[in-house]
Amino acid sequence: MVVEITRRLYQQGRTAELGNVLQHRLKPSAAFTPAVLLQAAGSALRRPGADRAQVMREVKDAITTNGRRRRLSRKPNFVPVTGHRDAGETEVAEDVAA
């Protein structure tokens, strides 16, 4: 699906968005919208010799991953600072770190 999505973004003149995603300037969800995913899936399914089961697995995985990320970012569960502040010994000398 990644190849098909990249092809779609290129056809739409949106390759700069792909570069911004790869350089962490843009969230993947901003460039790879559900509409882009469905269009790419349709193109991939229409290709001669396409493994339709594989395409559908990739679409399912993308939707599942996106849903999980959205759910987790809605209510983040942070680890309490107490008990995790000291990470133990490091290779940095104590006088340099202070």
Side-chain angles (χ1 to χ4, degrees):
M1 290 306 308
V2 173
V3 172
E4 197 63 42
I5 290 173
T6 304
R7 186 177 289 129
R8 281 254 173 218
L9 290 175
Y10 175 76
Q11 289 171 349
Q12 296 171 358
R14 296 172 52 196
T15 52
E17 289 182 33
L18 179 61
N20 288 335
V21 168
L22 295 174
Q23 295 176 5
H24 304 285
R25 286 187 248 159
L26 185 66
K27 289 183 179 182
S29 59
F32 307 128
T33 61
V36 171
L37 175 66
L38 293 177
Q39 290 171 352
S43 293
L45 290 171
R46 285 191 301 272
R47 289 199 183 280
D51 183 1
R52 292 190 168 118
Q54 177 65 30
V55 170
M56 294 311 293
R57 274 192 300 273
E58 289 183 28
V59 169
K60 180 186 84 75
D61 290 345
I63 291 171
T64 303
T65 302
N66 186 38
R68 182 174 55 250
R69 286 181 180 155
R70 285 178 183 253
R71 180 178 51 82
L72 291 173
S73 68
R74 205 175 16 237
K75 292 183 181 177
N77 187 11
F78 297 106
V79 176
V81 176
T82 58
H84 293 322
R85 186 171 299 280
D86 183 20
E89 292 294 320
T90 65
E91 65 275 0
V92 179
E94 190 67 35
D95 58 328
V96 175

Q: Looking at Q39, is its backbone amide N or carbonyl O close enough to the side chain of S43 to form a donor-acceptor pair, meaning the two atoms are under 3.5 Å apart?
A: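 Here the side-chain-to-backbone pair exists.
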
Q: Do N66 and L37 have side chains that approach each other closer than 4.5 Å (heavy atoms only, starting at C-beta)?
A: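 Counting from C-beta outward, N66 and L37 never come under 4.5 Å.
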
Q: Identify the two heavy atoms, one from A44 and one from M1, that lie closest to each other, and give their separation to 0.1 Å.
A: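 A44 and M1 have their closest heavy atoms at CB-SD, 4.5 Å.
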
Q: Quick check for you: to the nearest 0.5 Å, what is the distance between T6 atom OG1 and R8 atom CZ?
A: 12.0 Å

Q: Roughly how far, to the nearest 0.5 Å, is the CZ atom of R69 from the OG atom of S29?
A: 9.0 Å

Q: Is there a path of hydrophobic side-chain contacts, each under 4.5 Å between heavy atoms of I, L, V, M, F, W or Y residues, that connects L38 with L18?
A: no

Q: Within the structure provided, determine whether R47 and E4 are in side-chain contact (heavy-atom separation under 4.5 Å).
A: yes

Q: Between atom CZ of R52 and atom CZ of R46, what is the distance when rounded to the nearest 0.5 Å?
A: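 Spacing of CZ (R52) from CZ (R46) equals 10.5 Å.
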
Q: Can you tell me how far the OG1 atom of T33 sits from the CD atom of E17, to the nearest 0.5 Å?
A: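 Taking OG1 in T33 and CD in E17, the distance rounds to 9.0 Å.
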
Q: Hey, any chance L22 and L26 share a hydrophobic cluster, counting ILVMFWY side chains that come within less than 4.5 Å of each other, even indirectly?
A: yes

Q: May I ask you to decide if A31's main-chain N or O and R14's side chain share a donor-acceptor pair within less than 3.5 Å?
A: yes

Q: Please step through side chain to side chain contact (heavy atoms under 4.5 Å, CB included) for the pair Y10 and I5, ending with a clear verdict.
A: CA-CA 9 Å; Y10 175 76; I5 290 173; over 6 Å; no

Q: What do you reckon, is CZ of R7 surrounded by more than 12 foreign heavy atoms closer than 6.0 Å?
A: yes

Q: Rounded to the nearest 0.5 Å, how far does CZ of F32 lie from NZ of K27?
A: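 If I round to the nearest 0.5 Å, the distance is 15.0 Å.
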
Q: Compare all side-chain heavy atoms of T65 with those of R68 and state whether any distance is below 4.5 angstrom.
A: yes

Q: Identify the heavy atoms of V55 and A41 that sit nearest to each other, and give their distance.
A: CG1-O, 4.2 Å

